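For reference, the structure is listed below as structure tokens.
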Amino acid sequence: MCGIVGYVGSEPLISYLLSGLSKLEYRGYDSAGVAVHTGDSIKIFKAQGKLDNLKNILRDKCEAGVKTLSGDAQGAAMQGFNSFKTSEEKAKIGIGHIRWATHGIPNEINAHPHVSPESKVALVHNGIIENYKEIKEELIAKGFEFKSQTDTEVIAHLVEDCLRNTNNFGQALRCALKKLDGAYALGVIFMDDPDTLYAAKKSAPLIIGLSDKGNYIASDIPAILEYTKKVIYLDDFEIAEIKENSVKIFDIEGNKIDKKYEIVPWEPVSVNKMGYKHFMLKEIHEQPDVIRQTLFNRLICSSEPIKLDEVKLTAENLKNLDRIQIIACGTSLHAALIGKYLIEEFIGIPVEVEASSEYIYKRVISNSNSLTIGVSQSGETADTITAIKLAKEKGSHVLVVTNRPDSTMARLADSLLPINAGFEVSVAATKSYTAQVLAFYLLALKLAEVNGSLPSEKLEEYKKQLLQLPQKVEMILNNKKEIHACAIKFHNAKNFIFVARGINYPVALEGALKLKEISYINATGYPAGELKHGPIAMLDETMPVVSILTPGKVYEKVLSNSEESKAREARMIAITSVNDSKLDSIFEYIIKIPQTDELFSPILTTIPLQLLAYYIAEFLGKDVDQPRNLAKSVTVE
Ligand code: M6R
């Protein structure tokens, strides 16, 4: 995680660094910092906690700004920074960082930028240096002293050590990089090279933005979109030397590389809450439109074939497929589990789902007859990227389902299935999950069409179910008062259990994940039939059990499992579309969803659970959009 930015040019430097960092806050919010080269020194400003703390420090430094700023208004603050009346005003080159702590607690000392002992080098880093302890010991033996507990400080010291043998800054950087194991995206400035911003990348994303008013670096496109759409994607082991009017790229041996820029087909995203208290609530409410958008041009009416031209698998490929593997993390993993159920049900090919972090540490059994599907909102999750690379090495066709068609995963994909959920700000994934699940419906039905594995009447009926989803989701959102009331009633519980069976089992996992990540209440999801194999021992009158019951194969079974929980005095909550008087005697709270076929219920059963988690967290006064210890994009393994 962590996000880095940098700029060289004559536009207001601090303004860019701060606005760039604000677009990267989804990558971490443990601390923030900037370094600016004033011509005669490198000045560092750091603050623990969110970016606002750094802004406040800089605002205090801003003589003109102090007089003109009122309150916390960000626009006014930015104007204040523009008239920075200290020596920093002259600065034309700087770097910035937003941290998600890996090595060392989130305090000011561990905040980036880090500087070398003689202040010759300042740098910001996203990634993890795996051999930092060994390097640190070697440098300590040479007399270097360290202030922080980070792996990053080692890089600054190492570059300064390399500078003892050369006065070529690029060469010193390359000499240091050759000694590093692990992942890095770096922005580096040198005291004695006040016109050049250096950037380097290995296994962590980094882009260069080109403009007439100077050049930028950033971990992600939104950080530069306001300034330019011309982007160079740096590849692993490439090092850039960036000046106001030029960009040169070298490989790790110092050979020059010619790279073309690309024009990003995006407009600057204006992210605001549109009147909602939190982004999470806004994003939950966007789901009917996200479904329409994901279906747009792909499923037009139930009697027509699904258009999924992005998937480059022919009927011939499909016939030869011997395995499908889906790899993902967190909420995307839960969407993948629903995908497995759908593909197995509709086309009868066995599907394995694995957490990317597990997949990469075992023997990878893939070949040219396998299809590997990587699922990721961000397209930048480090474990999933590594897993995809391994599958590709084994010759598997890789299909990536992502919300970021510009991401690293998208660029690695053989087939790319974008999910069109729009920019998701809240760390807790909601609308991207719904779009991922929908993408699996489209994919599974498309495979069934190509494979002829479902009768045409069934296919048509299933497509109708998909087309009805947006209205059904709207009905749930219109009924949220009931869920709010349930949240108020149960917000004091210390633990929660979510249970379901079949296609809704991943929904139980997702309901538990949503609740724990934003409310910090301990929550677990189980297949309902597993309760009696251990977890039932936890049940008493303090334990809420949320049961998901939709009409179909497993309804009666989940009902019996719920009775068993009720018999142990658990406090029972149902998410159901069933009108069944038997429910009244078991459940203290019944949250109704519209009538639906069990196979098409997971999106509808998840939305009340998103709202339940949201209202509980909000009621408890938690930082819903930026929960502690988390980041939106997990770019470390
Ligand atoms: O960007 P990705 O979908 O690859 O991210 C995977 C997980 O980090 C993510 O889903 C995480 O679990 C969310 N915080 C869940 O709300």
Side-chain angles (χ1 to χ4, degrees), residues 1-3 24-29 100 204-205 219-220 222 278-281 283-284 287 290 326-339 353-360 373-388 398 400-410 412-413 416-419 421-437 439-440 498 506-507 509-520 523 525 606-607 609-614 617 622-637:
M1 296 94 113
C2 300
L24 299 182
E25 245 196 320
Y26 71 89
R27 303 174 75 90
Y29 30 81
W100 184 82
S219 297
D220 196 4
H278 294 101
F279 281 108
M280 182 177 175
L281 192 58
E283 287 158 5
I284 289 173
Q287 291 177 106
V290 165
I326 317 181
I327 41 187
C329 302
T331 288
S332 298
L333 182 64
H334 300 155
L337 286 166
I338 296 171
V353 177
E354 200 133 22
S356 314
S357 52
E358 290 299 313
Y359 182 88
I360 58 186
I373 307 177
V375 192
S376 173
Q377 187 285 131
S378 63
E380 297 295 348
T381 299
D383 286 323
T384 311
I385 292 174
T386 308
I388 283 175
V398 171
V400 167
V401 179
T402 182
N403 200 26
R404 292 292 302 268
D406 57 307
S407 61
T408 304
M409 275 181 223
L412 285 170
L416 171 64
L417 181 47
I419 57 170
F423 203 67
E424 191 175 62
V425 178
S426 170
V427 165
T430 53
K431 62 177 181 169
S432 61
Y433 160 89
T434 290
Q436 286 166 347
V437 173
F440 274 114
F498 292 76
V507 175
L509 297 177
E510 177 60 8
L513 175 61
K514 274 307 76 99
L515 183 64
K516 64 187 152 199
E517 76 175 323
I518 61 170
S519 72
Y520 320 144
T606 304
I607 288 167
L609 300 184
Q610 295 171 345
L611 284 166
L612 185 68
Y614 171 79
K622 303 297 182 203
D623 190 345
V624 173
D625 285 332
Q626 294 186 327
R628 70 184 182 200
N629 306 337
L630 293 178
K632 184 76 182 156
S633 186
V634 184
T635 59
V636 292
E637 279 181 12

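It should be emphasised that the depicted structure is a prediction, and the values quoted were computed from it without experimental measurement. Read the numbers this way: they start at 1 and go in the same order the structure lists the ligands and their atoms.
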Next item on the list: Have a look at I388 and tell me which of I373, T381, T408, V398 forms a side chain to side chain contact (heavy atoms under 4.5 Å, CB included) with it.
Entry: V398
Margin query: By the definition side chain to side chain contact (heavy atoms under 4.5 Å, CB included), identify the one residue from T606, L337, L333 that meets it with P506.
Written below: L337
Check: Is there a donor-acceptor contact under 3.5 Å linking the side chains of T331 and E510?
Finding: yes
Note to self: Would you say Q287 and T430 are linked by a side-chain donor-acceptor pair, where the criterion is simply a distance under 3.5 Å?
What the structure shows: no
Next item on the list: Quickly, which of P205, S219, S376, S378 forms a side chain to side chain contact (heavy atoms under 4.5 Å, CB included) with S633? Name it, please.
Entry: S378
Margin query: As a test of reading the model: which residues have a non-hydrogen atom less than 4.0 Å away from ligand 1?
Written below: C329, G330, T331, S332, S376, Q377, S378, T381, V427, A428, A429, K514, E517, V634
Notebook entry, point to check: Can you list the residues that meet the ring-ring contact (aromatic ring centres under 6.0 Å, His included) rule with Y614, with sequence neighbours excluded?
Noted result: H278
